[in-house]
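Presented below is the structure to which this report refers.
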Amino acid sequence: MKYLIALLLVSSILAAIPTKVTNCMANPKIVFTEATFSVTPAKGVDETISLYGNANDHAELANVQLKAKWNGIDAFEDNYPEDEVYDKGDPVTYQMTQNFPTYTPSGKIVVQMWFQNAKGTNFACAEVGFII
């Protein structure tokens, strides 16, 4: 019985939590169809957001610009340099780990990840939301 309980705890900890993803721009070069969280979003916890999709066209990823809103108010923006190349039809997986400090106010968080080329031009965008 102890082993069964331990197995259930480990499998629930390692399980990805599906969430809704929205493509937040018209005619993206990458269309995201699925998203998961590594754990239930909470304050003071490292949270990995994984995005899954397919490239509709050739795209060279140089940066991901993260924009976060708290209850509809701009709250955080940062850039994450990348170096990936996708060709039409390629499967795309992107992961980003964030930690919402314990002093983060409770409420609805909406995160947009803007995928940019070396010139800073957006070619894809994924949006996920959650409540902490």
Between Phe115 and Phe32, what is the ring plane arrangement, given parallel below 30°, perpendicular above 60°, and tilted in between? tilted
Is it true that a side-chain atom of Asn71 and a backbone atom of Gly107 form a donor plus acceptor pair closer than 3.5 Å? no
Taking the side chain as every heavy atom from C-beta outward, state whether Asn54 and Val31 have any pair of such atoms under 4.5 Å apart. no
Are any side-chain N or O atoms of Asn117 and backbone N or O atoms of Lys119, one a donor and one an acceptor, separated by less than 3.5 Å? yes
Which atom of Pro28 lies closest to which atom of Ala124, heavy atoms considered: CB-CA, 4.1 Å
For the atom pair CD1 (Ile131) and NZ (Lys108), what is the distance rounded to the nearest 0.5 Å? 7.0 Å
hydrophobic_cluster_shared for Tyr80 and Trp114, side chain cutoff 4.5 Å: no
Mind running side-chain contact (heavy atoms from CB on, under 4.5 Å) on Leu66 and Phe76 for me, showing each step along the way? CA-CA 8 Å; Leu66 176 91; Phe76 179 77; 3.3 Å; yes
Within this structure, what is the CG-OG1 distance for the pair Leu51 and Thr19, rounded to the nearest 0.5 Å? 10.0 Å
Hydrophobic cluster identity match, Ile49 and Val110, side-chain contacts under 4.5 Å: no
Does atom CG of Asp83 have more than 12 heavy-atom neighbours, drawn from other residues, nucleotides or ligands, at distances under 6.0 Å? no
Minimum side-chain heavy-atom gap Val45-Val39 below 4.5 Å: yes
Can you confirm whether Val111 sits close enough to Ile109 that some side-chain heavy atom of one is under 4.5 Å from a side-chain heavy atom of the other? yes
side-chain contact (heavy atoms from CB on, under 4.5 Å) assessment of Val85 paired with His58: CA-CA 8 Å; Val85 176; His58 177 81; 3.5 Å; yes
Quick one: pull up OG in Ser106 and CZ in Phe100 and give me the separation to the nearest 0.5 Å. 12.5 Å
Please tell me whether Tyr94 and Glu82 have a donor and an acceptor in their side chains that are separated by less than 3.5 angstrom. yes
Between Glu34 (side chain) and Pro18 (backbone), is there a donor-acceptor pair under 3.5 Å? no
If you define the side chain from C-beta out and look only at heavy atoms, does anything of Phe37 sit under 4.5 Å from Thr48? no
Would you give the length of the straight line joining atom CD of Gln116 to atom CG of Asn63, rounded to the nearest 0.5 angstrom? 5.0 Å
Here's a test for you: under side chain to side chain donor-acceptor pair (under 3.5 Å), which of Lys67, Lys20, Gln112 qualifies with Glu127? Gln112
Closest heavy-atom pair, Ala59 versus Phe123, reported as atoms and distance to 0.1 Å, is CB-CE1, 3.5 Å
Take atom CG in Asp78; do more than 12 heavy atoms of anything else shown fall under 6.0 Å from it? yes
One should read off an interatomic distance between Asn99 CG and Thr102 OG1, to the nearest 0.5 angstrom, of 8.5 Å
Between the main-chain N or O of Thr104 and the side-chain N or O of Lys43, is there a donor-acceptor pair closer than 3.5 Å? yes
Do Met113 and Met96 come within less than 4.5 Å of each other through their side chains, counting heavy atoms only? yes
If you round to the nearest 0.5 Å, how far is CG of Asn56 from NZ of Lys88? 7.5 Å
